[in-house]
Protein chains: 2
Amino acid sequence: MLLQVDLASSEPLYRQIRTQIVQGVASGELSPGDPLPSVRSLAGNLGINMHTVNKAYAVLRDEGYVVMRGRSGAYIADTARTVSPARAQEQLDHIAGQLAGLATEYRARGGSEMEFVELARVQAHRVYGTKGEDDAS
Amino acid sequence: MLLQVDLASSEPLYRQIRTQIVQGVASGELSPGDPLPSVRSLAGNLGINMHTVNKAYAVLRDEGYVVMRGRSGAYIADTARTVSPARAQEQLDHIAGQLAGLATEYRARGGSEMEFVELARVQAHRVYGTKGEDDAS
DNA sequence: TTTCTGTTATATGTGTACTATAACAGTTAG
DNA sequence: CTAACTGTTATAGTACACATATAACAGAAA
């Protein structure tokens, strides 16, 4: 798992790190139990401050993506068991709200409903087409 | 077109105003040629500063949603003719990127590709089901 | 010409992001 | 048990975005 940050980006550094970890989980490159580098070592490698990495880890912890184990450090969590049902619902509602917002923007541009759904389908296929080692329960 | 802002929200005021105008365009409540209130009067009605409204209008102008006409004020633009092809492509790429990001978040939660597309379809239907007085060229 | 439009300039206060130094409690390798 | 390393918290400083406030400007229209 190679992490990197773009200092010139308008996206906050801690957000970039958080997103890359989530991408790793989504692609299957990171699995439950996998260890994350320590906040100090990662900060050193990226050339940024320790607290910036710590904030990214804290966000991932609050979102249920990561669990902390004392000195052992941070590990990828089993999201299905770590995240509370209420929190999971919040996150799903958030994604749904975002989708509605994008649909609104798309419609304001004059795009049709069918075109938007098709665009979503294409993007989803791109994302899910990456290293899909997932089981279908 | 009734505009309102939430001072307690984490979303910037100028962004709230911008989004509501776009929503009006999407729903058909606002059509090309419709006038917008002056920055001073709207600021007065909302109880906020003139520059905050002015920033919202400037963003809408840059995005092609609004055109200015000297003293007459601001009017809803004909987005199809006002927005340059290059700018339109940028905006579409932005929406596609956002969709990919949401798909990634969804997959990291353990959701399937089919479920995500279905969620997008439902949200799109909600958005497009609102006052659809659009023509189908 | 007068009035109103959006626009720009400058200044102030607040909140977030990032950095820097320092110390702390918990866990674990030795 | 002890020393070392983990994430965590506290405090402080800088930089930038957001919102406010006051002021003035150029352009278009009543």
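Each chain gets a letter, A, B and so on, in the order its sequence line appears, and its residues count up from 1.
The side-chain hydrogen bond (donor to acceptor under 3.5 Å, both in side chains) test applied to B:His125 returns A:Glu113, not counting sequence neighbours. Residues passing the side-chain hydrogen bond (donor to acceptor under 3.5 Å, both in side chains) test with A:Gln16: none are found, sequence neighbours excluded. Residues satisfying the side-chain hydrogen bond (donor to acceptor under 3.5 Å, both in side chains) criterion with B:Ser38, sequence neighbours excluded, are B:Ser41. Under the ring pair (Phe, Tyr, Trp, His ring centres under 6.0 Å) criterion, A:Tyr106 pairs with A:Phe116, not counting sequence neighbours.
Of the inter-residue distances, the one linking B:Glu11 atom CD with B:Thr19 atom OG1 reads 5.0 Å to the nearest 0.5 angstrom. To the nearest 0.5 Å, atom CG of residue B:Leu3 and atom CG of residue B:Asn45 are 9.5 Å apart. For the atom pair CG of B:Leu30 and CG of B:Leu36, the computed distance is 6.5 Å after rounding to the nearest 0.5 Å.
Hydrophobic cluster of A:Val59: the remaining members, joined at side-chain heavy-atom separations below 4.5 Å, are A:Tyr14, listed by chain and number.
The phosphate of C:dG6 has neither OP1 nor OP2 within less than 4.0 Å of any side-chain N or O from B:Asn54.
Among residue pairs with one or both ends in residues 44-70 of chain A, those qualifying as salt bridge (Lys or Arg N to Asp or Glu O under 4.0 Å) are A:Arg18-A:Glu63; sequence neighbours excluded. Applying the ring pair (Phe, Tyr, Trp, His ring centres under 6.0 Å) rule to pairs touching residues 68-90 of chain A yields nothing, sequence neighbours excluded.
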Donor-acceptor pairs are to be reported for all side-chain atoms of residues 47-54 of chain B against protein atoms at under 3.5 Å, with residues two or more places apart or in another chain.
{"from": "B:Asn49", "atom 1": "OD1", "to": "B:His51", "atom 2": "N", "distance (Å)": "2.9"}
{"from": "B:Asn49", "atom 1": "OD1", "to": "B:His51", "atom 2": "ND1", "distance (Å)": "3.0"}

(request) Go along nucleotides 10-20 of chain D 5' to 3' and tag each nucleotide: B for a protein heavy atom under 4.0 Å from its base, S when only backbone or sugar atoms are that close, - otherwise. (result) B-------SSB
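A heavy atom closer than 4.0 Å to some atom of DNA chain C occurs in A:Arg40, these being the qualifying members of residues 34-44 of chain A.
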Between the protein and nucleotides 28-30 of chain C, which nitrogen or oxygen pairs are less than 3.5 angstrom apart?
{"from": "C:dT28", "atom 1": "O2", "to": "A:Arg71", "atom 2": "NH1", "distance (Å)": "3.4"}

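Taking the screw axis at each terminus of the helix from C:dT1-D:dA30 to C:dG30-D:dC1 from five consecutive base pairs, the angle between the two is 20° to within rounding of 10 degrees.
In terms of heavy atoms, B:Ala108 sits closest to A:Thr79 at O-OG1, 4.1 Å.
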